[in-house]
Number of protein chains: 2
Amino acid sequence: MEMDLCAPTKGRPREFDIDDALAAALRVFWSKGYEGASLTELTEAMGITRPSLYAAFGNKESLFRKALDLYEREKLAYMRAALDAPTAKGVAERLLRGALASQCSECEPKGCLGVISSVACGAEAEAIREEVIKRRQSSHKALVERFEQAKRDGDLAADADIDGLTGYIFAVMQGMAVQAGAGAKREDLERVLETSLMMWPGR
Amino acid sequence: MEMDLCAPTKGRPREFDIDDALAAALRVFWSKGYEGASLTELTEAMGITRPSLYAAFGNKESLFRKALDLYEREKLAYMRAALDAPTAKGVAERLLRGALASQCSECEPKGCLGVISSVACGAEAEAIREEVIKRRQSSHKALVERFEQAKRDGDLAADADIDGLTGYIFAVMQGMAVQAGAGAKREDLERVLETSLMMWPGR
DNA sequence: CCATTTCCATAACGGACGGTATATAATGTC
DNA sequence: GACATTATATACCGTCCGTTATGGAAATGG
């Protein structure tokens, strides 16, 4: 199903670019949240009508999931890349700098879609919320494993609390996201980042 | 106005306790957010009907503001108390421990109403969101002033970045709130707290 | 050229939302 | 006891929500 490769080329071709439309939808979800983004706002931003949206993406929830895929693929790439840093502190630094760049880009919504979508919501969005939380857990797990490697490498102390460190670095990133979404200036978050980095043990 | 003292005692007395009702409303807002909390959920939790709610609290927005007042008065008291700690690190520790207790109470919703209400939302809740952000700024300012005092006292280095430290400690608390709202266990957040505290400079 | 397929545009659907009008019940005042 | 006042109960309002039915336009395959 959905074999979009080798387009069918039968019938009238769609008049909009599906990737552009999805990117536009992502921006709306990113700034308003799942529930806060109405179909009217979405279709206006995407430049298409409601039936076109439903034909191309299924429904609102499935559109959000596709937007979330795009977000993780493009905007959260820094997370995977950060794990390649040579030391634990290097990983932390790349994570924080990547979060800052992603949350404070000039031409995109402030904050983090994952944070926005994982906080409290109405009943209808509960399924979305749980999915976002589940996806975050896999990132969490990857960072735990990277820090375990760091402990073996010796750049984390043998008695370091790895779960604590992982939760901590996520907390700083999430806190930055909250503040970015609340209108904090980029330089404010830069100082938060530097402060946190300064405290990180070792090098 | 609103001289509720020396109750008027004229007309039919209301059959519910207004403070209990407000506390119940707070719990709903706290777990669902402003938009996620419907009038149906609110009235059911408060044990009153819609007209009673409107007669006693005005409308949904004004009910939320009163609930927010209650929240800040009761659940955020630890913030004011924390400023009395003798050292900057003591302030940080009290803030983090207070946040943990408030966000992970067994008998109340997880997370932080301020965080929940300050992230992205629909258009109708924008005014609420801005008010919550404004209230947080006054807390921020109070902590900045406390840290400036700490610098004069000598328990913060003369070249310490006070705005950075303040934003940082708020970020950790907000990150803990995000994780608490996402279902993190209390012991997880306790380790985040201890990790952050361990890194704090000085004593 | 026709049939088919797919898309676009309009407009409507049922339902939930926040908010109220109306009528009735319960109190204090005179 | 009659009146003024306030709270409750029921039922309803208009609006917006996500979703879809309908009708026609545009492109391809035969």
Side-chain angles (χ1 to χ4, degrees), chain A residues 1-4 6-22 24-25 28-29 32-67 120-128, chain B residues 1-4 6-22 24-25 28-29 32-67 121-129:
Chain A
M1 51 215 65
E2 290 268 334
M3 293 301 287
D4 256 350
C6 178
T9 71
K10 205 160 25 172
R12 176 178 174 178
R14 67 163 52 92
E15 295 177 356
F16 62 94
D17 183 290
I18 201 165
D19 293 321
D20 292 348
L22 184 58
V28 178
F29 283 130
K32 300 293 189 75
Y34 176 71
E35 288 177 301
S38 74
L39 278 189
T40 303
E41 284 172 304
L42 284 165
T43 51
E44 282 177 359
M46 300 165 81
I48 64 177
T49 61
R50 288 158 119 95
S52 298
L53 189 154
Y54 277 80
F57 300 101
N59 61 7
K60 187 185 180 184
E61 179 169 340
S62 136
L63 171 64
F64 179 85
R65 288 191 147 86
K66 291 182 169 68
C121 61
E124 67 181 20
E126 203 66 36
I128 292 285
Chain B
M1 44 218 74
E2 288 267 335
M3 295 297 288
D4 255 352
C6 179
T9 72
K10 204 160 28 173
R12 176 176 174 177
R14 67 164 49 93
E15 297 177 357
F16 63 94
D17 183 289
I18 201 166
D19 293 322
D20 292 348
L22 184 59
V28 178
F29 284 130
K32 302 292 189 77
Y34 175 70
E35 289 176 302
S38 73
L39 278 188
T40 303
E41 284 172 304
L42 285 166
T43 51
E44 282 177 0
M46 300 165 82
I48 63 178
T49 61
R50 284 158 118 93
S52 296
L53 189 155
Y54 277 80
F57 300 101
N59 60 9
K60 188 185 179 184
E61 179 169 342
S62 134
L63 171 64
F64 179 86
R65 289 192 146 84
K66 291 182 169 66
C121 61
E124 67 181 21
E126 203 66 35
I128 291 286
R129 175 165 167 264

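In this text the structure is predicted, and so the values were computed from the model without any measurement. Side-chain atoms are counted along with the backbone in the values below, which use heavy atoms only and exclude waters and symmetry mates.
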Roughly, in whole Å, what's the span from CD in A/E41 to C1' in D/dG18? 14 Å

Value in whole Å for how far the P atom of C/dG19 lies from CG of B/L42: 11 Å

Value in whole Å for how far the P atom of D/dC16 lies from CD of B/E35: 15 Å

Between protein and nucleic acid, restricted to nucleotides 8-10 of chain D and to nitrogen or oxygen atoms under 3.5 Å apart, what atom pairs and distances do you find?
residue, atom, partner, partner atom, Å
D/dT8, OP1, B/E15, N, 2.8
D/dT8, OP2, B/S52, OG, 2.9

Starting from P on D/dT15, measure out to NZ on B/K60 and report it in whole angstrom. 19 Å

Please tell me which of the listed nucleotides, C/dG19, D/dT5, C/dC17, lies nearest to the side chain of B/T40? C/dC17

Any base atoms under 4.0 Å from B/A123, or only sugar-phosphate, or nothing? Heavy atoms, all strands. nothing

Just the rounded figure in Å: distance from P of D/dG18 to CD of A/E124. 7 Å

For B/I128 and C/dG18, give me the distance from atom CD1 to atom P, rounded to whole Å. 13 Å

Hey, does B/M46 have a side-chain heavy atom less than 4.5 Å from the side chain of B/D20? no

Please state whether the rings of B/F64 and B/F29 are parallel, tilted or perpendicular, taking 30° and 60° as the class boundaries. perpendicular

Rounded to 10°, the angle between the first-five-pair and last-five-pair axes of the helix from C/dC1-D/dG30 to C/dC30-D/dG1 is 10°

